[in-house]
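Taking it in order: structure first as structure tokens, then the write-up.
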Amino acid sequence: MNLSKELLTEKEITKEINLCNSKGELLQNSIVWARHPLINCNLSGRFLRKKKWNYWCVTGKDCLFSVTISNIDYAGMIFAYFLDFKTHKFIEKTVISPFGKDCSMPEAVHASVEFDNPKLRIKFIEDNGITHITAECRDFNGEKMEADFRVIYPENHETLNVVVPWDKKHFQFTSKHECLPVEGYLKVGQSTYDFEQSNTFACMDFGRGIWPYKVKWNWANASGIINGRSIGLNLGGKWTDNTGMTENALVVDGRLTKISEDMVFEYNPQNFMERWSIKTSITDKVDLKFTPFFERIAKTNLVLIKSEVHQMVGYFSGTIITDEGENISIDRLLGCSEEHFGQW
């Protein structure tokens, strides 16, 4: 790990720009970040190297539910998973679509995406500040699954939008949305879970880019209410090291604090269930402990695609500091932290 010893100079934009030139190469002036999705993901060319995905995760008082539609050019990878917090019942369904068949991924963050397959049907429909998420699976580990959520974007809610440059031919635009209120329901077999805006939050991870063949990252995210305040975290590491940009931010009552320094993730890769430490590398803006209570392991080992994810579900405690200098104590904020290796 080779972390920067100085605060980074990250350029913020307030007007729309393109990500690439006509050759599909990264534009130098698009190495930026924004509080809203202002980067147009005009990827082109680079046959079999483009990576596109839309990931949603909903956490309520009783369970977690996540759905993803992704297209990595030579395959579409679509999956849904569910965790009951009390019983630790866990079910995951994955469908692989050769060469991304039926996985048409739009350039814009707020655009509708659908995947319709007899094994798994997922829709993300955008409509005036609301994202309508539906999912249906007839064989969800032998049970029927049905989900219907309305994700609400509060007025003036800020999100993290960052371009990560490895070089002009390898780059990533990511849009991370935390602390979005949700209402709806989830049915798994004979069990029904109801979700209310007061205690349910959604996280969205939108990505478009051209990656190196091998990547490794850490990602931590959380959303919830602490002492009447809406608190969201998005913290990342490893794959942004030495790029001059980070995916690190806090969202407090809808206002985003961009963290222009690397994050240090300390954990035991031989036992991911041990407590993690996550903190900023230079300042004390983030000083958190993460205590997992569940480990999701997802492995793919195909000819061209290999990946391994250890996604931990647990609670964050510690302190964060906003741009205004407010020091906020966090106790048992529900979220996830992961290690991911990909070769694709």
Side-chain angles (χ1 to χ4, degrees), residues 13-22 24 26-27 30 32-46 49-58 65-73 75-80 95 97 99-117 120-136 147-164 171-184 201-211 221 234 247 251 256:
I13 60 166
T14 57
K15 295 182 180 180
E16 292 186 2
I17 62 171
N18 284 331
L19 180 63
C20 305
N21 62 21
S22 59
L26 178 66
L27 290 168
S30 70
V32 296
W33 75 275
R35 299 176 188 273
H36 302 282
L38 299 175
I39 293 91
N40 176 38
C41 302
N42 59 328
L43 298 181
S44 63
R46 305 304 302 280
R49 297 309 309 149
K50 295 183 289 296
K51 304 288 181 283
K52 304 177 182 180
W53 74 80
N54 289 59
Y55 163 100
W56 282 97
C57 184
V58 175
F65 182 72
S66 180
V67 279
T68 297
I69 301 174
S70 69
N71 186 344
I72 57 173
D73 259 7
M77 300 183 71
I78 302 88
F79 51 92
V95 176
S97 172
F99 295 101
K101 184 178 182 295
D102 299 323
C103 293
S104 178
M105 311 294 290
E107 296 179 350
V109 173
H110 292 296
S112 298
V113 187
E114 300 182 33
F115 178 76
D116 194 344
N117 183 283
L120 183 62
R121 290 184 172 88
I122 299 175
K123 294 182 180 181
F124 308 144
I125 305 300
E126 299 287 336
D127 183 20
N128 274 337
I130 293 176
T131 302
H132 188 195
I133 299 174
T134 57
E136 181 181 350
D148 192 310
F149 299 105
R150 293 175 73 251
V151 180
I152 296 131
Y153 280 81
E155 189 175 359
N156 299 321
H157 187 90
E158 295 180 348
T159 60
L160 176 64
N161 303 272
V162 176
V163 175
V164 178
F171 50 87
Q172 164 75 0
F173 168 70
T174 186
S175 188
K176 311 272 194 179
H177 304 196
E178 305 289 347
C179 243
L180 300 173
V182 182
E183 60 186 14
F201 296 94
C203 159
M204 196 265 271
D205 179 11
F206 172 102
R208 301 289 188 272
I210 311 291
W211 295 4
N221 67 93
N234 191 91
E247 298 178 321
V251 183
L256 187 134

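Predicted model only: the values in this text are computed from it and were never measured.
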Return the minimal non-hydrogen interatomic distance between F173 and C41, and the atom names on each side.
CD2-SG, 3.2 Å
Would you please name every residue forming a ring pair (Phe, Tyr, Trp, His ring centres under 6.0 Å) with F79, sequence neighbours left out?
none
Find the distance between OH (Y55) and CZ (F124) and round it off to the nearest 0.5 Å.
10.5 Å
Is the distance from the ring center of H110 to that of H177 below 6.0 Å?
yes
With sequence neighbours excluded, what pairs up with P181 under the side-chain contact (heavy atoms from CB on, under 4.5 Å) test?
P154, Q197
Closest non-hydrogen atom pair between R208 and W53, with its separation:
NH1-O, 2.9 Å
Separation between CZ of F115 and CG of N54, rounded to the nearest 0.5 Å:
13.5 Å
Sequence neighbours excluded, the answer for side-chain contact (heavy atoms from CB on, under 4.5 Å) partners of V251 is H157, L256
Is a side-chain N or O of S70 found less than 3.5 angstrom from the main chain of M77, in a donor-acceptor match?
yes
Residues which pass side-chain contact (heavy atoms from CB on, under 4.5 Å) with K50, listed by chain and number, not counting sequence neighbours:
L43, K52, D73, I210
Set out, in order, the CA-CA distance, both residues' side-chain angles and the distance that settles side chain to side chain contact (heavy atoms under 4.5 Å, CB included) for S30 and I39, then state yes or no.
CA-CA 8 Å; S30 70; I39 293 91; 5.5 Å; no
Side chain to side chain contact (heavy atoms under 4.5 Å, CB included), that's the test. Do H132 and D148 meet it? Break it down for me.
CA-CA 7 Å; H132 188 195; D148 192 310; 2.9 Å; yes
With a 4.5 Å heavy-atom cut-off, do E114 and I69 have their side chains touching?
no
One should read off an interatomic distance between L180 CG and W56 CH2, to the nearest 0.5 angstrom, of 5.5 Å
dist E136:CD -> D116:CG (nearest 0.5 Å) comes out at 9.0 Å
Residue pair F201 / V182: nearest heavy atoms and the distance that separates them
C-CG2, 3.7 Å
Apply side-chain contact (heavy atoms from CB on, under 4.5 Å) to N40 and list each qualifying residue two or more places apart in sequence or on a separate chain.
N18, N42, E107
Pair S175, N161 - check side-chain hydrogen bond (donor to acceptor under 3.5 Å, both in side chains), show working.
CA-CA 4 Å; S175 188; N161 303 272; 2.5 Å; yes
To the nearest 0.5 Å, what is the distance between NE2 (H36) and CG (L160)?
12.0 Å
Does the pair T131 and Y153 meet the rule for a side chain to side chain contact (heavy atoms under 4.5 Å, CB included), with working shown?
CA-CA 8 Å; T131 302; Y153 280 81; 3.7 Å; yes
Output yes when a side-chain donor or acceptor of T68 lies under 3.5 Å from a complementary backbone atom of I78, and no otherwise.
no
Heavy-atom pair of closest approach, residues L27 and C20:
CD1-O, 3.4 Å
One pair to check against side chain to side chain contact (heavy atoms under 4.5 Å, CB included): T159 and M204. What are the steps and the verdict?
CA-CA 10 Å; T159 60; M204 196 265 271; over 6 Å; no
I need the full list of salt bridge (Lys or Arg N to Asp or Glu O under 4.0 Å) pairs touching residues 172-182, with sequence neighbours left out, sorted by first then second residue.
K176-D205
Give the minimum heavy-atom separation between W211 and R49, together with the two atoms involved.
O-NH2, 3.4 Å
Could you give the distance from CG (N221) to SG (C203), rounded to the nearest 0.5 Å?
4.0 Å
Specify the closest pair of heavy atoms between G76 and C103, including all atoms of both residues, with the distance to one decimal.
CA-SG, 4.0 Å
